[in-house]
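When a ligand or atom number is given, it counts from 1 through the structure's own listing order.
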Amino acid sequence: MLTSTGSRVAERHRRLGIEACLTKPVKQSELLDTILTVVSGNSRRVAASAPGRGRRKKAARPLRVLVVEDNPVNQELLVQLLKRQGHRTEVAMNGRAALAALEDRGFDLVLMDVQMPIMGGFEATAAIREQEKKNGGHIPIVATTAHAMAGDRDRALATGMDAYLPKPIRANELYEVIERLTGRVIDEKALLEGIGGDTKLLRGLVRVFLADYPRLLARVRRAIKSKNPEALRASAHALKGAISNFGLPPAFESARRLELMGKSRRLRAANETYAALRQDIGRLKQQLRSL
Ligand code: MN
């Protein structure tokens, strides 16, 4: 949490878990510096409790990111955090400007605010997904919204957004979600080495997996729907085994978590993990197809 205050109460704020205090009047540059320090996890309190978590090495692959955001401070924050990872950015002030930018320029990722004038994030996302139905492709869209409520998250995912980041944005969370949505999930070289360099065999494995996984995924979904722990354990285990032919991508971890939920008969978070599994498998599928 960030607050502006006189210095008298600064100590009390620190005790309450407020990580940085600004003295009014606030200069814009000072405000931004403070926000960047806090979200990067570089403030003293955070550094003391979680050493080394703040600064990260640059992203493996520089991306072109479209930042869709009407608030100038949030724009600047996101642009600077992305630059730190070596990404290139462009800013659109609202959903309509985002649609125009996406039309003729190649982006790898969209960070999408929800509340914006002219066209909001949900409407813009629906339009982008509609367009993709005709033209193909799937650009990862991350919702960024101050409405940190469960209903908003569900609505973001239902609208076709791939992930959800509550504001205030934390640098580590931002970098993690980008890595999850854009990072390579399979190591083609290692896969080939594992099967003696036989590209024909690899293609065959991919073909069988792509034909077979929907059935396995449907079994997992039915087990969750009928609240059957043993069926969840068995179906998630089978899916995990099929995925493991392609290394240990995030989909493997999601399937493993569902298997454990079945085993321990605790299905409370199963729906959420299933949603993550579907996304993970979507990314795996995308990359398997491009082999
Ligand atoms: Mn906004």
_Set of residues satisfying salt bridge (charged side-chain N to carboxylate O under 4.0 Å, His left out) with respect to D198, sequence neighbours excluded_ = none
_Residue list, side-chain hydrogen bond (donor to acceptor under 3.5 Å, both in side chains) with E188, at least two apart or on another chain_ = none
*asked:* What count do you get for protein N, O or S atoms closer to the Mn ion (ligand 1) than 2.8 Å?
replied: 3
*Taking only residues two or more places apart in sequence, or in another chain, which ones meet K189 in a salt bridge (charged side-chain N to carboxylate O under 4.0 Å, His left out)?*
none
_Just checking R129: does its CZ atom have more than 12 heavy atoms from other residues, nucleotides or ligands closer to it than 6.0 angstrom?_
yes
*Over 12 non-hydrogen atoms of neighbours within 6.0 angstrom of CZ in R64*: yes
*Where the side chain of H87 meets the backbone of P62, is there a donor-acceptor pair that is under 3.5 Å apart?*
no
